[in-house]
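Right, one structure below, let's go through it.
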Amino acid sequence: MAASPLHPPSPLARVRLEDVVPHDGAAAPAYAHAVGALDASLALRGAAVLELPAADAAVVRCALESTRAFFRGRPAAYLYRAGRTLEDGELSPACMADAFRCLGKAARAALSAMARHLRLRTDVFNHLLDDAPLPVNEVSSSELLVAYSHEQIQSGQTLMGCLRSSMPVVDRGFVTLVASDHPGIEVCDPNGHWYLADGGSGPSDLLLLTGRALSHVTAGLRPISQYRATNENRASLTFRLMPHANAILDCSPILAAGHCIRQIYQPVPASQFMDDSCAEVHVVSSHLEKPLESQGNFVSDPSLRSVLSDPLSGAFLEDAMVLQCGHSFGGLMLKKAIEMARCTICNREVDSTSLFPNFVFGHKNSFESSSHGGEDGR
C-alpha cells in the first residue's frame with residue numbers, strides 16, 4: 001500500500017521475514033543485518049515491520065477479506081485459538097487456521113532473532129511456548145484476534161470488553177503481530193512520543209510489537225511496546241505469542257549470557273503472570289501516557305527505594321552516572337556496564353570517558369535515605 005499525505009511512511013525498520021528465520025549452517029550477512037535492524041528499531045521506536053513472503057502474504061490477505069465479509073461492516077471481534085472445538089452453532093471466519101500458522105511462524109522467527117541479538121541461543125525461549133505442532137486435544141495458549149473497526153480485546157481467556165479506539169494497549173505475551181487492510185496503529189516510542197507505525201504498510205506487512213512476558217524473561221532488556229488504534233474503518237488480525245500455562249518465566253539465560261539482572265525480575269509461573277495482569281489492566285490504562293521504561297516489572301511495581309538502589313548490592317546510588325544512551329547506573333551495575341562497554345538495559349555501546357554524574361538521582365537518594373532514618377546512608 002503506497003503512503004499518502006494522510007499516512008506518511010513509517011520510520012520503522014522493514015525486515016524480510018525470510019531473512020530472520022533460523023537456519024542451519026553459518027549465519028548469512030543478510031541474517032546478521034536483519035537481526036541488528038530489527039533490534040535497533042524495537043529499541044529506538046518500540047516496533048518494527050516484518051515483510052511476508054508471497055505465499056504467507058496471500059494467506060493474510062485472504063484472512064483480512066474473510067474478516068470483513070464475516071462481520072459485514074459491523075464493529076465486532078472474534079478470538080481464535082488453535083485446537084479449540086467450535087461450540088454448537090458457533091461460526092468462525094474463514095482462513096483462521098492458515099492465518100494462525102502463518103503468523104505463529106513469523107512470531108517465533110522474530111522471537112529467535114531477538115534472542116540472537118542478546119547473545120542467546122535462537123531456541124532459548126522455545127520451552128516457554130506451546131509445542132509445535134500442538135499435541136492432540138490441546139488448545140493453544142497463543143491467540144489470534146480477528147476484528148473489524150475499533151473493537152479491542154485484552155489477551156487472555158475471556159473477552160474483557162470493547163475499548164475506545166484511542167485507548168493504548170500493553171500486551172502480556174512475548175510478541176504481538178498486527179496485520180490490517182488500512183493504516184491506523186500508533187506506537188509510543190521510549191521517549192513517550194506517539195507516531196503512526198503502519199503508515200506505509202499493507203496487508204503483506206506485519207507490525208511487530210513486544211509484550212510484558214518478553215520484557216520479564218529478558219530482565220527488561222527488551223522494552224514493552226505500547227500501541228493504540230486510531231482508524232475505525234479497518235479489518236485487522238492481531239496474533240499474540242503467549243507462554244504456555246505450565247511455563248516458569250525467569251531470567252537465567254540472560255544471566256548466563258553475562259547480562260546484569262535487577263532484583264525485581266524473579267522467576268514467576270506463567271499462569272500467575274497472566275492472572276496478575278488482568279488485575280493490573282486498570283492500573284496500566286491510567287498510566288499509559290507515561291514512558292514504559294518504568295513499567296518493566298510485571299509482577300509488582302518497584303518501590304522508590306528499589307529504583308534508586310543498585311540492583312546487585314542494594315546500596316543507594318549516590319554515585320549514579322549517566323551513560324550516552326541516557327540510562328543511569330551506580331555501584332556494581334555501573335562497574336559492570338563499563339567492563340562490558342555496553343548498557344545493560346538497551347545494549348548500546350558505552351564510552352567510559354563520556355560519563356557524567358546524575359545530580360537528580362543524588363538529590364532523590366538523599367531524601368530517600370533520610371526518610372529511612374539514614375539506615376543506608378553514607
Side-chain angles (χ1 to χ4, degrees), residues 1-3 7-20 34 37-53 56-57 59-61 63-64 67 77 99-100 102-111 113-114 142-153 155 165-190 193-212 214 222-242 292:
M1 180 182 299
H7 301 299
S10 169
L12 303 177
R14 300 180 63 86
V15 175
R16 296 197 316 161
L17 176 61
E18 295 171 322
D19 289 339
V20 295
L38 192 71
D39 187 86
S41 186
L42 289 170
L44 299 177
R45 306 296 298 181
V49 174
L50 291 177
E51 298 178 350
L52 291 173
D56 291 344
V59 171
V60 170
R61 285 195 297 270
L64 289 171
T67 298
F100 189 94
C102 170
L103 297 178
K105 177 181 66 176
R108 287 172 181 255
L111 185 62
M114 286 183 270
S142 299
E143 59 193 25
L144 175 60
L145 171 67
V146 187
Y148 179 77
S149 188
H150 59 269
E151 301 298 314
Q152 297 285 343
I153 192 173
S155 57
S165 60
S166 59
M167 180 174 288
V169 178
V170 174
D171 284 332
R172 300 179 298 164
F174 293 112
V175 170
T176 297
L177 296 177
V178 182
S180 57
D181 56 3
H182 286 86
I185 296 291
E186 290 186 346
V187 173
C188 185
D189 68 22
H193 301 141
W194 289 92
Y195 67 93
L196 184 65
D198 57 352
S201 300
S204 60
D205 299 320
L206 302 178
L207 182 64
L208 171 64
L209 305 158
T210 52
R212 288 183 175 271
L214 181 61
R222 292 282 71 80
I224 305 169
S225 298
Q226 175 182 342
Y227 65 99
R228 63 190 180 192
T230 60
N231 183 353
E232 299 184 359
N233 184 28
R234 57 195 294 275
S236 64
L237 308 173
T238 303
F239 180 88
R240 297 183 175 102
L241 186 65
M242 310 289 284
L292 278 178

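From a predicted model like this one, the values you see are computed outputs, not experimental measurements. In what follows, residues are counted from 1 in the order of the sequence shown.
- Taking a cutoff of 4.0 Å between a charged side-chain nitrogen and a carboxylate oxygen, D205 and R14 qualify as a salt bridge.
- Between atom CG of residue L196 and atom CD1 of residue I185 there is a gap of 9.0 Å, rounded to the nearest 0.5 Å.
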Subject >> Criterion side chain to side chain contact (heavy atoms under 4.5 Å, CB included) on V169 and T176, from CA distance to verdict >> reply: CA-CA 11 Å; V169 178; T176 297; over 6 Å; no
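- Of the possible donor and acceptor atoms, none in the side chain of S225 sits under 3.5 Å from a partner among the backbone N and O of G211.
- Put simply, the side chain of S180 never gets that close to the backbone of A235: no donor and acceptor are under 3.5 Å apart.
- Nearest heavy atom pair, residue L12 against residue A197, reads CD1-O, 3.6 Å.
- Using a 4.5 Å heavy-atom threshold, the side chains of L206 and L103 count as touching.
- Under the 4.5 Å side-chain criterion, counting only non-hydrogen atoms from C-beta, E143 is not in contact with F100.
- The distance from the OG atom of S204 to the CG atom of D56 is 10.5 Å, given to the nearest 0.5 Å.
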**OP:** Take W194 and Q226 through the side chain to side chain contact (heavy atoms under 4.5 Å, CB included) test and state the conclusion after the steps.
**Re:** CA-CA 9 Å; W194 289 92; Q226 175 182 342; 3.2 Å; yes
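- Without hydrogens or angle criteria, D171 side chain to R212 main chain gives no donor-acceptor distance under 3.5 Å.
- To the nearest 0.5 Å, the span separating CD1 on I224 from CG on L42 amounts to 13.0 Å.
- C188 places none of its side-chain heavy atoms less than 4.5 Å from the side chain of Y227.
- The OG1 atom of T238 lies 5.0 Å from the CG atom of L145; values are rounded to the nearest 0.5 Å.
- A cation-pi arrangement is found for R45 relative to Y195, the charged atom lying closer than 6.0 Å to the ring centre and inside a 45° cone about the ring normal.
- When side chains are defined from C-beta on, V175 does not count as touching L209, because their heavy atoms never get closer than 4.5 Å.
- A distance of 9.5 Å separates CG of L64 from CZ of R234, quoted to the nearest 0.5 Å.
- Taking 4.5 Å as the limit, every side-chain heavy atom of D181 sits out of range of all side-chain heavy atoms of R61.
- Within the 4.5 Å cutoff, the side chain of L111 has heavy atoms near those of the L214 side chain.
- Between G199 and P183, the closest heavy-atom pair is O-CG, 4.0 Å.
- Expressed to the nearest 0.5 Å, how far CG of L38 lies from CG of L50 amounts to 6.0 Å.
- The pair R16-E51 does not count as a salt bridge, with every side-chain nitrogen at least 4.0 angstrom from each carboxylate oxygen.
- With sequence neighbours excluded, the residues satisfying side chain to side chain contact (heavy atoms under 4.5 Å, CB included) with A63 are C95, M96, A99, L237.
- Although no hydrogens or angles enter the test, the distance criterion places no donor-acceptor pair under 3.5 Å between the side chain of D19 and the main chain of A34.
- When side chains are defined from C-beta on, R228 does not count as touching V187, because their heavy atoms never get closer than 4.5 Å.
- The two residues P203 and V60 come nearest to each other via the heavy atoms O-CG1, 3.2 Å.
- Side chains of L177 and L208 form a contact here, defined as non-hydrogen atoms less than 4.5 Å apart.
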